[in-house]
Asks: 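One structure is given below, represented as structure tokens, and several questions about it will come after.
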Amino acid sequence: MPAIILDGKKIAEEIKKEIKAETELLKTQFGINPGLAFILIGSNPASESYVKAKNRACNEIGFFSITEKLPENIEQNVLINLIEKYNKDKFIHGILVQLPLPEHLDTNKIIEMIDYRKDVDGFHPINVGKLVIGQDCLKPCTPAGIQELLKRYNIKTTGKHIVILGRSNIVGKPAANIFLQKENFANAIVTIVHSSTDDITKYTKQADILICAMGKAEFINGDMIKEGTIVIDVGINKIPDSKSKTGYRIVGDVQFESVSKIAYAITPVPGGIGPMTIAMLLSNTLKAAKNILYANN
Ligand code: GUN
């Protein structure tokens, strides 16, 4: 049987509707409109298109948003001053500095300068620490989106073996921490496979749920998984395609055709985890706005 398609696009639309309704209530009851500041440095085309998509989603659901486009050679202290300005801005509840940053900037330092209550990426060490010890916090959007997608399809993870490919601070490590927590739709046995793993197939074959986030186009094929695996494809890779008008097409880290014959369920690319990531960013911004409101009342 062909795999069930886990339709991230459709679920993200449902979540956006829910957030829009809650946002309208927040506006009428408290006069608060969630606000998000995007900081985009340089002219990386992928970063530009991600920020554009995130900004469009804010407009769709009625959030206030602002995009600061800064030159590639911006000095670190100028960027820090801008972050501090938004830390103090009462109309802004979320600050997102799009990564990666140019080499001369200290990414860790920049993330630490964001008020952790406005860190809608969930990258600040305070949020990372809270996530690890199971406290309420703003969680990184991509792994939170994976968990939410599984939840909405009622795919239980307790006692399941989740194998994660990739150990980035954005996806792999926070995904491991989310799925380790002793709670529903987590409580899993987690393995992280990375660039120093010799026999990757040894681990991918053991996965009940496989999360592919190593950024290698169509790396995982049908021979690398066992029958009935749930496959989550986080990859967004451009590959040349002479048949396409643009000369390229977007593929994930998974060879969809061979894997979808073996897997029980699979996320498509595009239309899988990408839209869920954006939905979680909106959800985090709403949460940040509510937290700040309740803290001040
Ligand atoms: N670059 C790639 N993914 C992300 C993300 O989720 N947040 C930020 N800020 N930068 C990214």
Side-chain angles (χ1 to χ4, degrees), residues 8 12 15 36-58 63 65-70 72 74 79-80 82-83 86-87 92-103 105-116 118-128 131 137-149 164-178 211-216 232-238 250 252-253 267 269-270 272-285 287-288:
I15 295 169
L36 184 43
F38 296 102
I39 301 179
L40 175 62
I41 295 149
S43 51
N44 176 330
S47 293
E48 281 180 343
S49 91
Y50 294 146
V51 169
K52 214 167 146 186
K54 291 171 188 175
N55 204 14
R56 199 184 309 126
C58 285
F63 281 7
S65 70
I66 187 160
T67 302
E68 294 275 2
K69 248 187 136 263
L70 305 171
E72 181 87 23
I74 184 137
L79 177 55
I80 288 174
L82 186 67
I83 292 171
Y86 285 119
N87 281 343
I92 292 296
H93 308 94
I95 301 169
L96 184 147
V97 179
Q98 185 66 25
L99 303 178
L101 294 178
E103 289 269 313
L105 297 171
D106 178 345
T107 302
N108 289 336
K109 170 85 182 158
I110 296 301
I111 290 170
E112 276 178 44
M113 292 315 298
I114 299 171
D115 181 335
Y116 78 94
K118 298 190 177 187
D119 166 40
V120 285
D121 265 322
F123 295 162
H124 190 287
I126 292 180
N127 284 317
V128 175
L131 173 63
C137 62
L138 294 166
K139 294 183 189 140
C141 302
T142 300
I146 296 170
Q147 187 184 40
E148 190 62 29
L149 188 65
I164 300 166
L165 297 168
R167 57 176 153 185
S168 72
N169 292 340
I170 296 180
V171 186
K173 281 187 224 156
N177 281 306
I178 284 176
I211 298 176
C212 307
M214 71 289 204
K216 287 194 177 168
I232 305 293
D233 191 352
V234 179
I236 301 177
N237 310 290
K238 258 187 188 180
I250 303 289
D253 289 354
T267 60
V269 176
I273 297 305
M276 289 302 296
T277 297
I278 295 180
M280 292 300 103
L281 173 66
L282 301 172
S283 167
N284 275 352
T285 306
K287 179 177 173 134

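In what follows, residues are counted from 1 in the order of the sequence shown. One-based numbering, in listed order, for ligands and for the atoms of each.
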Asks: List the closest protein heavy-atom neighbour of atom 11 (C) of ligand 1: residue, atom name, distance to the nearest 0.1 Å.
Replies: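 Here the nearest protein heavy atom works out to Gln98 NE2, 3.4 Å.
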
Asks: Quick check: Thr277 and ligand 1, any N/O pair under 3.5 Å apart?
Replies: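 Not met; the criterion fails.
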
Asks: Going by the order shown, which atoms of ligand 1 are within less than 4.0 Å of some heavy atom of Leu96?
Replies: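 By the 4.0 Å cutoff, the relevant atoms are 9 (N).
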
Asks: Which pair of heavy atoms, one from Leu138 and one from Tyr116, lies closest together, and at what distance?
Replies: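 The pair with the smallest heavy-atom distance is CD1-O, 3.7 Å.
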
Asks: Relative to atom 9 (N) of ligand 1, which among Asp121, Ile39, Ile95 owns the nearest non-hydrogen atom?
Replies: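 Of the listed residues, Asp121 has the closest heavy atom.
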
Asks: Please report the shortest heavy-atom distance between Leu36 and Ile95, naming the atom on each side.
Replies: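 Closest pair (atom of Leu36, atom of Ile95, distance): CD1-N, 4.1 Å.
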
Asks: Looking only at non-hydrogen atoms, find the nearest pair between Pro174 and Ile170 and report the distance.
Replies: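 The answer is CG-O, 3.5 Å.
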
Asks: Check whether any heavy atom of Thr142 sits under 4.0 Å from an atom of ligand 1.
Replies: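 No, Thr142 has no heavy atom closer than 4.0 Å to ligand 1.
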
Asks: So which atom in Ser47 and which in Pro100 form the shortest heavy-atom distance, rounded to 0.1 Å?
Replies: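 Taking every non-hydrogen atom into account, OG-CD, 4.1 Å.
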
Asks: Could you pull out, from Ile170, Val171, Asn44, the option with a heavy atom nearest to atom 4 (C) of ligand 1?
Replies: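 Nearest heavy atom to atom 4 (C) of ligand 1 lies in Ile170.
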
Asks: With a heavy-atom distance limit of 4.0 Å, tell me whether Leu281 approaches ligand 1 through its side chain, its backbone, both, or neither.
Replies: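 For Leu281, there is no contact with ligand 1 at all, from either part.
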
Asks: Starting from atom 10 (N) of ligand 1, locate the nearest protein heavy atom and write down its residue, its atom name and how far away it is, to 0.1 Å.
Replies: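 The closest one turns out to be Leu99 N, 3.0 Å.
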
Asks: Below a 4.0 angstrom heavy-atom separation, can you tell me which part of Phe123, side chain or backbone, both or neither, approaches ligand 1?
Replies: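 Looking at Phe123 and ligand 1, just side chain atoms fall under 4.0 Å.
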
Asks: What is the minimum heavy-atom distance between Gly94 and Val120, and which atoms define it?
Replies: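 Reported closest heavy-atom pair: CA-CG1, 3.7 Å.
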
Asks: Between the side chain of Asn284 and the main-chain N/O of Asp121, is any donor-acceptor distance below 3.5 Å?
Replies: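 Flag not set: sc Asn284 to bb Asp121 has no pair under 3.5 Å.
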
Asks: Search all heavy atoms of Tyr86 against all heavy atoms of Lys118 and return the closest pair with its distance.
Replies: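 Looking at all heavy atoms of both residues, the closest pair is O-NZ, 2.8 Å.
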
